[in-house]
Visitor: 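Handing you this structure, nothing more for now.
Atoms within each ligand, like the ligands themselves, are counted from 1 in listed order.
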Amino acid sequence: MICPFCKVDNDKVVDSRVSGTAIRRRRECQACGRRFTTREYLEIQPLTVIKRSGEKEPFQREKLIRGIMNSCKKRPISPEDIEELATRVENALPVNDNSEVGYDTIGNLVMQELKKLDPVAYVRFASIYREFKEVGEFVDQIKTLDK
Ligand SMILES: [Zn+2]
């Protein structure tokens, strides 16, 4: 951090305090001895989903929930259960430095969670998902033949 007084980039953190989602740091310039404060805030980067086709789209929780709901029709699963499941999936997503996640990864996580929740919903989701997957692979193959 460049000192706002003498512009030298040499400071030491003398105190850190957490307040909510922010961290306040008291710094001391090692060149001129003056103190200043910085604040760090949580940066929420929007998640990007990489589709099978390689296309990217912003992650939409509603879309995830809709997909799960379709598999849970007429099953003893409450909307709260679905919300919770979606949250668990979201929290478990392995996100890389660019905040990107593969479509397959999301599908697999949903399957894992549904398996624990309701076997019928799981089978439904898996069959729809696998079908999509096969269609995607078919398209991939056609693309390869084109080359
Ligand atoms: Zn200074």
Side-chain angles (χ1 to χ4, degrees), residues 1-73 75 77-118 121-122 124-126 128-144 146-147:
M1 186 66 61
I2 291 166
C3 171
F5 307 104
C6 72
K7 313 291 178 207
V8 171
D9 184 7
N10 180 17
D11 70 291
K12 201 176 90 184
V13 174
V14 290
D15 186 39
S16 295
R17 240 166 252 186
V18 178
S19 61
T21 55
I23 299 171
R24 182 180 170 276
R25 292 193 205 280
R26 195 79 184 129
R27 296 168 183 272
E28 190 182 274
C29 174
Q30 300 302 288
C32 71
R34 285 204 246 191
R35 290 187 169 190
F36 53 98
T37 305
T38 56
R39 283 189 176 83
E40 270 172 38
Y41 293 97
L42 178 70
E43 186 182 66
I44 302 167
Q45 230 183 328
L47 197 62
T48 303
V49 180
I50 305 166
K51 296 202 278 187
R52 183 157 279 270
S53 59
E55 274 176 83
K56 293 176 183 181
E57 65 175 18
F59 174 79
Q60 290 162 284
R61 186 184 159 88
E62 299 70 41
K63 210 170 167 179
L64 173 65
I65 290 177
R66 257 202 320 273
I68 301 167
M69 263 182 185
N70 283 339
S71 308
C72 295
K73 268 180 196 155
R75 297 301 303 162
I77 302 167
S78 68
E80 289 76 32
D81 287 338
I82 294 174
E83 286 280 339
E84 273 173 35
L85 196 152
T87 303
R88 276 202 300 278
V89 168
E90 267 186 273
N91 291 339
L93 293 177
V95 175
N96 67 16
D97 290 343
N98 300 320
S99 284
E100 292 172 342
V101 65
Y103 169 82
D104 276 5
T105 310
I106 301 176
N108 286 330
L109 280 169
V110 173
M111 283 202 281
Q112 277 174 30
E113 290 293 333
L114 275 179
K115 206 174 190 172
K116 290 182 245 169
L117 190 68
D118 186 277
Y122 162 71
R124 281 185 196 155
F125 186 89
I128 296 168
Y129 178 71
R130 213 176 28 233
E131 231 172 89
F132 278 143
K133 221 172 145 168
E134 276 157 19
V135 170
E137 272 157 19
F138 183 63
V139 172
D140 286 346
Q141 272 181 352
I142 292 173
K143 278 186 188 156
T144 321
D146 270 351
K147 279 172 196 163

Visitor: Do Arg61 side-chain atoms and Glu83 backbone N/O form a donor-acceptor pair below 3.5 Å?
Guide: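 Checked: pair present.
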Visitor: Ser16 and side-chain contact (heavy atoms from CB on, under 4.5 Å): which single residue from Arg25, Glu40, Arg26 fits?
Guide: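 The residue from Arg25, Glu40, Arg26 that satisfies side-chain contact (heavy atoms from CB on, under 4.5 Å) with Ser16 turns out to be Arg25.
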Visitor: Using a cut-off of 2.8 Å, count how many protein N, O or S atoms are strictly closer to the Zn ion (ligand 1).
Guide: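 With waters ignored, the protein N/O/S count below 2.8 Å is 4.
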Visitor: Under the rule for side-chain contact (heavy atoms from CB on, under 4.5 Å), what residues qualify as partners of Glu80, not counting sequence neighbours?
Guide: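 Counting only residues at least two positions away or on another chain, Glu80 forms a side-chain contact (heavy atoms from CB on, under 4.5 Å) with Ser78.
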Visitor: Flag yes if more than 12 heavy atoms outside Arg17 fall under 6.0 Å of its CZ atom; otherwise flag no.
Guide: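 No - once you tally the heavy atoms of other residues, nucleotides and ligands closer than 6.0 Å, there are 12 at most.
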Visitor: Of all residues at least two apart in sequence or in a different chain, which pass the side-chain contact (heavy atoms from CB on, under 4.5 Å) check with Lys73?
Guide: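 Listed in chain order: Asn70, Arg124.
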Visitor: In chain order, what residues pass the side-chain contact (heavy atoms from CB on, under 4.5 Å) check against Glu100, with sequence neighbours excluded?
Guide: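 For Glu100, the residues satisfying side-chain contact (heavy atoms from CB on, under 4.5 Å) (neighbours in sequence not counted) are Thr48, Ile50, Lys56, Asn96, Asn98.
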